[in-house]
Amino acid sequence: MIRWIRNSAGKSGSYFLHRLSALVLSAVCCTVWTACASEDASESLSGSPDATEPALELREDAAMFETYVSNTVVATGNNTIVPSADHITYRAWLPVECSGSLEYCFYFSNTVDSTWDDGSLSHAGMSGGSYTIESASISDGGTEFDANVQPTQTAAITFDGETQKDVSPDETFWSDPVTFNVPDGHYLLWEWTISGENIPGIAMSNMTYSYMDKGDDKGFLYTNEIPLPQMFGCKRDVETRIVTLGDSVTQGSLTSDFAYQFWASQLLNMLGTESYSLWNLGLGYARATDCAMDGDWLSRAVAGADLITIAFGTNDIISGAYGADGSSSAEEIEAAVRTITSRCTDAGIETILWNSPPFDLIESMEQIRTAYNETVPVIAEDYGATYFDAASLLADPSDASKTVYGQHPNDEGGKILAQALAACIEDMQQNAS
């Protein structure tokens, strides 16, 4: 099922892609599989396709994800918690994908999406605690960053008409819509004051400017862990909603601080925002086994995507599933990725499945990565997904186990990945036409 065009009344439906010299890379790193799985293959793993399965049920708020698309490339999922907040005010300056006057609506989930580190602090599926939103607002964040300047041009965020909201464990909810103008080149400034315990948030890793004020007369101080909405949604017509689902390589960790040079951001810059939005659902430390639990993380990814990239493996190899003792096996990673991939393709989403890039692993872990990577083209073929050979783009030509651009691809590595993916998407579009 091809779902390339959406909300495009009055548009020609054509793509506005750059004709990249990297197009030739698609022949090497991107293969579109259309063959159905064999009967034997479909019975070999529980995650394999089953034509007798009923159609997927839509989320109750599915229409909201059709109406509101992400308006920032910065990832804002939940991979950690704030153990306690007592009237703490948080501020985050976020670059917007599309500037101007737009109707915004913000989505929230009070559940931890993925496991952080060894899971002792927070883990996938962990319920958030009860907390209170005392106030929330958005402002014109300007072009020059100053954490303690009182913002102007501010709009209050409300919830069912109220400025305050009590949030229950595992609750998901949307704000009321609000129309707001972010001038070209300016940040969107999110601010809210909250109180409670075990509030899900994200470890930003210098993805954007994030600050908190504890009310102790010290003003706003930098914080790496910050609770935020899970989608900074806005109402705008795009032809393709891209969702990038994965771990810290997708989130953009260890690229230049506050520069938005991670591959997902560079990809959207290459494709252009006239036809595309991009919702970054990458989370540091995330495992495929976290996502395969099919909690709100995967559910909202499916609801918000026309095209999705799936990139896991490293943390499954290094850390293993939450609660397990050591690395996941290649077979365990494959089973989890099959679950994720089938969930996406069964929903009619164009799916790009990555293999696991090199990470300078010890020999025993490298053997797992190699064995898992041998299964990825088969998974893609079984589900009609597109196989993306990220590993060959990032590996040392003289040693496939070693990195060239760092364990977390740097800005240049992000550019290499983005160019190849843009060419891959163009190739997919041409095959679909």
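Worth saying up front: this structure is predicted, and the values here are computed from it rather than measured.
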Given the rule in the side-chain contact (heavy atoms from CB on, under 4.5 Å) test, do Phe312 and Thr289 qualify, once you have shown the distances and angles that lead to the verdict? CA-CA 9 Å; Phe312 290 103; Thr289 48; over 6 Å; no

Is there a donor-acceptor pair under 3.5 Å between the side chain of Arg369 and the backbone N or O of Gly313? no

Strictly distance-based, threshold 3.5 Å: is any side-chain N or O of Glu191 a donor or acceptor partner for the main-chain N or O of Ser139? no

Pro377 to Glu374 - nearest heavy-atom pair and separation: CD-O, 3.7 Å

If you count the non-hydrogen atoms of other residues, nucleotides and ligands that lie under 6.0 Å from NZ in Lys402, is the total more than 12? yes

Where Ile202 and Ala75 come nearest, the two heavy atoms and their spacing: CD1-O, 3.3 Å

Flag the pair Tyr104 / Phe232 as yes when their ring centroid distance falls below 6.0 Å, and as no otherwise. no

To the nearest 0.5 Å, what is the distance between CG on Asp290 and OH on Tyr322? 10.5 Å

CD1/Ile81 to CD/Glu225 distance, rounded to the nearest 0.5 angstrom? 10.5 Å

Looking at Asn148, I'd like to know if its CG atom is crowded, meaning that more than 12 non-hydrogen atoms belonging to other residues, nucleotides or ligands lie closer than 6.0 Å. yes

If I compare all heavy atoms of Tyr131 with all of Gly196, which pair ends up nearest, and what's the gap? CB-CA, 3.8 Å

Heavy atoms, side chains only, cut-off 4.5 Å: are Asp140 and Asn181 in contact? no

Measure across Thr208 and Pro95 and return the closest heavy-atom pair with its distance rounded to 0.1 Å. OG1-CD, 4.2 Å

Verify the distance criterion only: is there a donor paired with an acceptor across the side chains of Ser248 and His408 at less than 3.5 Å? yes

Minimal non-hydrogen separation, Asn79 against Ser122, with atom names: O-OG, 3.5 Å

So, taking the atom named CZ in Phe180 and the one named CD in Gln153, what distance separates them when rounded to the nearest 0.5 Å? 6.5 Å

Under the side-chain hydrogen bond (donor to acceptor under 3.5 Å, both in side chains) rule, what do Ser356 and Asn373 come out as? Steps first, then yes or no, please. CA-CA 6 Å; Ser356 182; Asn373 278 357; 4.7 Å; no

Any salt bridge linking Arg241 with Asp306? Criterion: basic side-chain nitrogen under 4.0 Å from a carboxylate oxygen. yes

Test item: Leu267 and Leu278 side chains (from C-beta on) under 4.5 Å apart, heavy atoms: yes

Judged by modelled atom types alone, do Tyr387 and Glu381 share a side-chain donor-acceptor pair under 3.5 Å? no

Are Thr80 and Leu121 close enough that some pair of their side-chain heavy atoms sits under 4.5 Å apart? yes

Look at the side chain of Ser265 and the backbone N and O of Val73, then say whether any donor-acceptor pair between them is shorter than 3.5 Å. no

Strictly distance-based, threshold 3.5 Å: is any side-chain N or O of Gln230 a donor or acceptor partner for the main-chain N or O of Leu228? yes

Note, Leu245 side chain near Ile340 side chain (heavy atom, < 4.5 Å): yes

Closer than 3.5 angstrom, by distance alone: can the side chain of Gln266 be matched with the main-chain N or O of Gln261 as a donor-acceptor pair? yes

Asp294 and Thr339, any side-chain heavy atoms less than 4.5 Å apart: no

Find the distance between CD (Glu66) and NZ (Lys235) and round it off to the nearest 0.5 Å. 13.0 Å

Distance alone, cut at 3.5 Å: any donor-acceptor contact between the side chains of Thr89 and Asp213? no

Flag for Thr132-Asp166: side-chain donor and acceptor within less than 3.5 Å: yes

Matching residue for Trp174 among Phe65, Phe108, Phe159 - test: ring-ring contact (aromatic ring centres under 6.0 Å, His included): Phe65

Pro409 versus Gly414, closest heavy-atom pair with distance: CB-N, 4.3 Å

Close side-chain approach of Ile133 and Ile157, heavy atoms under 4.5 Å: no

Is any side-chain heavy atom of Phe262 closer than 4.5 Å to one of Met207? yes

Distance col, row Arg236:CZ vs Leu102:CG, nearest 0.5 angstrom, shows 7.5 Å

Donor-acceptor contact present, side-chain Asp61 to main-chain Met64, <3.5 Å: no

For a side-chain contact (heavy atoms from CB on, under 4.5 Å) check, start with the C-alpha distance between Met212 and Ile226, then their side-chain angles and the critical distance, and finish with the verdict. CA-CA 8 Å; Met212 67 177 181; Ile226 183 169; over 6 Å; no

Under a 3.5 Å threshold, yes or no: a donor from one side chain and an acceptor from the other, between Ser299 and Arg59? yes

Could you tell me if the ring centre of Trp192 sits under 6.0 Å from that of Tyr90? no

side-chain contact (heavy atoms from CB on, under 4.5 Å) evaluation trace for Trp297 with Cys291: CA-CA 7 Å; Trp297 187 25; Cys291 192; 3.7 Å; yes

Scan Phe106, Tyr209, Trp93 and name whichever one has a ring-ring contact (aromatic ring centres under 6.0 Å, His included) with Trp190. Phe106

Can you tell me if Asn315 uses its side chain to pair, donor with acceptor, with the backbone of Ala286 under 3.5 Å? yes

Does Glu412 pair with Lys415 as a salt bridge, N-O distance under 4.0 Å? no

Could you tell me whether the side chain of Ser210 and the main chain of Thr223 form a donor-acceptor pair under 3.5 Å? yes

Between Trp279 and Tyr68, does the ring centroid distance fall short of 6.0 Å? no

Without swapping roles, check the side chain of Asn78 against the backbone of Thr111 for a donor-acceptor pair under 3.5 Å. yes

At what distance, to the nearest 0.5 angstrom, does OG1 of Thr143 lie from OH of Tyr187? 9.0 Å

Decide side-chain hydrogen bond (donor to acceptor under 3.5 Å, both in side chains) for Asn206 and Tyr222; before the verdict, give the C-alpha distance in whole Å, the side-chain angles of both, and the deciding distance to 0.1 Å. CA-CA 10 Å; Asn206 292 356; Tyr222 178 78; 2.7 Å; yes

Quick check: does any side chain N or O of Thr375 sit under 3.5 Å from a backbone N or O of Tyr372, one acting as donor and the other as acceptor? yes

Modelled atom types, side-chain donor and acceptor of Ser195 and Glu134, under 3.5 Å: yes

Counting C-beta onward and ignoring hydrogens, is there a side-chain heavy-atom pair between Ile352 and Ile425 closer than 4.5 Å? yes

Does NZ or CZ of Arg300 come closer than 6.0 Å to the centre of the six-membered ring of Tyr107, within 45° of the ring's axis? no

